[in-house]
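Computation of the quantities below employed the complete heavy-atom set of this structure, encompassing side-chain atoms and omitting hydrogens, waters and symmetry-equivalent molecules.
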Amino acid sequence: MTDMTEAIISPNLISTDYSVDNEEDSTKLTLAYEWLYEVPRTIVDKFSNHIKYLDISHNKITNLDPLVHFFHLSSLIADHNPITENCALPPLPKLELLWLNHCKIASLYPWVGKLKESCPNLQYLCLMGNPAAPSYFNGGTFYEYLQYRLFIISQFPLLNHLDDRKVTDDQRTEALRLYKRPFLERLVSPGSRGGISQLMQAPAKWNTVHGKLNSLWSKAKNRNLLI
């Protein structure tokens, strides 16, 4: 931990008397609005062995590596941090809920693939307010939103809720049909030559996906796909 981080930590965070939010539930810990640049080592040492719910929202955190020590973590709230697609989560196999709303994630590739490897059991994921999560509120079109949503769903088979909407059976069926495994692996693989740019230049496969999305877009209202 840097000297800068030490300097901005609230005295409450390093006090031996510091406790979790609720004495009746010792598995929850809130570090929101503490001007942290990373999770302090003192907090990791004191709480990581039993915390299941961690709120680090509204800080300056860009490095999530210390979370690897939270072996039982099932819920992570990290909204309003300058987290980008270059920030990979460490392995958190028990994590079921992840909120990264209003961060700085600008690209899904290959970030989502890494997230899938680190957190394969996600059931609730919120990415609203990120440039990579297009919506009406940040200038994204319905087509872009649909493409984003179906791609995320295709990556996480246990996902029940994405952003502000429940994942429906129709959405899961369309996601799996649209994003076939071989194509998907080429799309998100960090070692693929050319990555997404190369795929965009492959007329047959990319045009097929593009055509399917257009067809899905035209049917969405009648099929109630997104609700």
Original post:
So, E117 and K114, do they make that salt bridge, N to O below 4.0 Å?
Top reply: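 No, no charged N to carboxylate O under 4.0 Å.
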
Subject >> Atom pair CG (L100) and CG (L115), whose distance is rounded to the nearest 0.5 Å >> reply: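 Here the interatomic distance stands at 7.5 Å.
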
Original post:
Would a hydrophobic clustering, with Ile, Leu, Val, Met, Phe, Trp and Tyr connected at side-chain separations under 4.5 Å, put M128 with L162?
Top reply: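 No, M128 does not connect to L162 through the hydrophobic network.
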
Original post:
For residues Y124 and H161, is any side-chain donor paired with an opposing acceptor at under 3.5 Å?
Top reply: no

Subject >> Donor + acceptor pair across side chains of Y148, N130 (<3.5 Å) >> reply: no

Original post:
Any idea which heavy atoms bring P82 and K104 closest together, and the distance?
Top reply: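 Closest approach of P82 to K104, heavy atoms only: CA-CG, 3.7 Å.
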
Polar side-chain atom of [X] near backbone of [Y] as donor-acceptor pair, under 3.5 Å:
| X | Y | value |
| --- | --- | --- |
| T84 | N86 | yes |
| N81 | N59 | yes |
| S154 | Y179 | no |

**OP:** Would you check if L95 and N121 make a side-chain contact, meaning some heavy-atom pair closer than 4.5 Å?
**Re:**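 Result no, sub-4.5 Å side-chain heavy-atom pair not found.
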
Original post:
Any side-chain heavy atom of H50 within less than 4.5 Å of one from H72?
Top reply: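 They are not in side-chain contact.
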
Original post:
Do the ring planes of F142 and Y145 sit parallel (below 30°), tilted (30 to 60°) or perpendicular (above 60°)?
Top reply: tilted

Original post:
When L31 is tested against each of D55, I77, I43 for side chain to side chain contact (heavy atoms under 4.5 Å, CB included), which residue passes?
Top reply: I43

Original post:
Near D45 CG, under 6.0 Å, is it more than 12 heavy atoms from other residues, nucleotides or ligands?
Top reply: yes

